[in-house]
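Structure first, commentary second.
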Amino acid sequence: MGSLLIHVLEIALAGGFLYLAWLVMSLSRQEAGLETNATSPARSLKSHFSPHSATSVSASARHKTGEESAQFSRIDSISKAQIFAGLQLLELKRDGIDLSHTKSWLYKRSALYLLGATNAICEHFGCEASERADVVAFVLTRNMGMNKSDADALLFRARKNFTKEDAEAVAAGKKAAESWINLRFTPKSESLKEQILCWGLTL
């Protein structure tokens, strides 16, 4: 009887050890699984906020900001150049000067004056050099009644076939626009009307 009891206790003890071993192994597997799951999001987060990822996001943001800045520079250049040209031409209109009915050389020289002014305004507002030609063409077609091909031809002439008079007209427009930006008005001596009078038109 005592021998039987000892055998039962040995079996129960062995079973207890086996159960304990199984429990330890199960807990170890669960812990390993938790570590894997915890590591995976951490790696994901680390990858998302890694320096390389941050650099890519930052570079993308800078690129977008640069594009927006260039767009606003172009818009500012067009609007301000339009205002400047409108003020100069309004003064001529008040005195009965219609550039479309003047001599062709005077018409072109007046256009070169506005070309110089528009370039100066574009430069002030940081408009990209590659876009300045489009801004100038826009101002000339809207204010001087030129078509696009004539405006492009005038730009080509200003770049390639400068005469002394052409250079003076462009410089006069540039100076007038710079004064207008800095002083909020154009000195009378620098206005398009005064330049036209200097060029030989009598009222």
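Note: hydrogens, waters and symmetry copies are ignored here, and every other heavy atom, side chains too, is used. When a residue number appears, it is its place in the shown sequence, counting from 1. Nothing here was measured: the structure is a model prediction, and the numbers come from that model.
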To the nearest 0.5 Å, what is the distance between [atom1] on [X] and [atom2] on [Y]?
X	Y	atom1	atom2	answer
T186	K175	OG1	NZ	12.0 Å
W180	R184	CH2	CZ	8.5 Å
I196	L92	CD1	CG	4.5 Å
E178	H124	CD	NE2	10.0 Å
S149	L154	OG	CG	11.5 Å
C198	R109	SG	CZ	11.0 Å

Can a donor-acceptor pair be found, under 3.5 Å and without considering hydrogens, that links the side chain of [X] to the backbone of [Y]?
X	Y	value
Q195	S189	yes
T141	N147	no
Y107	M144	yes
Q88	L192	yes
D150	M146	no

Nearest non-hydrogen partners of [X] and [Y], listed with the distance:
X	Y	value
V135	C127	CG2-SG, 4.2 Å
A111	L140	O-CD2, 3.6 Å
A177	I121	CB-CG1, 4.0 Å
L155	A133	CD1-O, 3.7 Å
D98	S100	OD1-OG, 2.7 Å

- prompt: Step by step, would you call E190 with S179 a side chain to side chain donor-acceptor pair (under 3.5 Å)?
  reply: CA-CA 9 Å; E190 298 174 6; S179 295; 2.7 Å; yes
Worked check of side-chain contact (heavy atoms from CB on, under 4.5 Å) between K93 and L89: CA-CA 6 Å; K93 186 176 181 179; L89 296 175; over 6 Å; no
- request: Mind telling me whether Y113 and W199 have parallel, tilted or perpendicular rings, with 30° and 60° as the class edges?
  value: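 Answer is perpendicular, since the angle exceeds 60°.
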- prompt: Without hydrogens or angle criteria, can the side chains of T163 and D166 be said to hold a donor-acceptor pair below 3.5 Å?
  reply: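 T163 vs D166: donor-acceptor pair found between side chains.
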query: Hey, any chance L99 and W105 share a hydrophobic cluster, counting ILVMFWY side chains that come within less than 4.5 Å of each other, even indirectly?
result: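 Same cluster.
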- prompt: Among the clusters formed by ILVMFWY side chains lying less than 4.5 Å apart, do F138 and I75 turn up in the same one?
  reply: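 No, no single cluster joins them.
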query: Any ion pair linking R132 and E128 (charged N to carboxylate O, less than 4.0 Å)?
result: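 Result for this pair is no, no salt bridge flagged.
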message: Could you walk me through whether V139 and I78 satisfy the side-chain contact (heavy atoms from CB on, under 4.5 Å) test, starting with their C-alpha distance in whole Å, then the side-chain angles of each, then the deciding distance to 0.1 Å, before giving a yes or no?
response: CA-CA 7 Å; V139 171; I78 290 174; 5.7 Å; no
message: Counting C-beta onward and ignoring hydrogens, is there a side-chain heavy-atom pair between L112 and E168 closer than 4.5 Å?
response: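 Side chain of L112 against side chain of E168, heavy atoms only: no contact under 4.5 Å found.
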message: Using a 4.5 Å cut-off between side-chain heavy atoms of Ile, Leu, Val, Met, Phe, Trp and Tyr, which other residues end up in the same hydrophobic cluster as F185?
response: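 For the cluster that includes F185, the remaining residues are L183.
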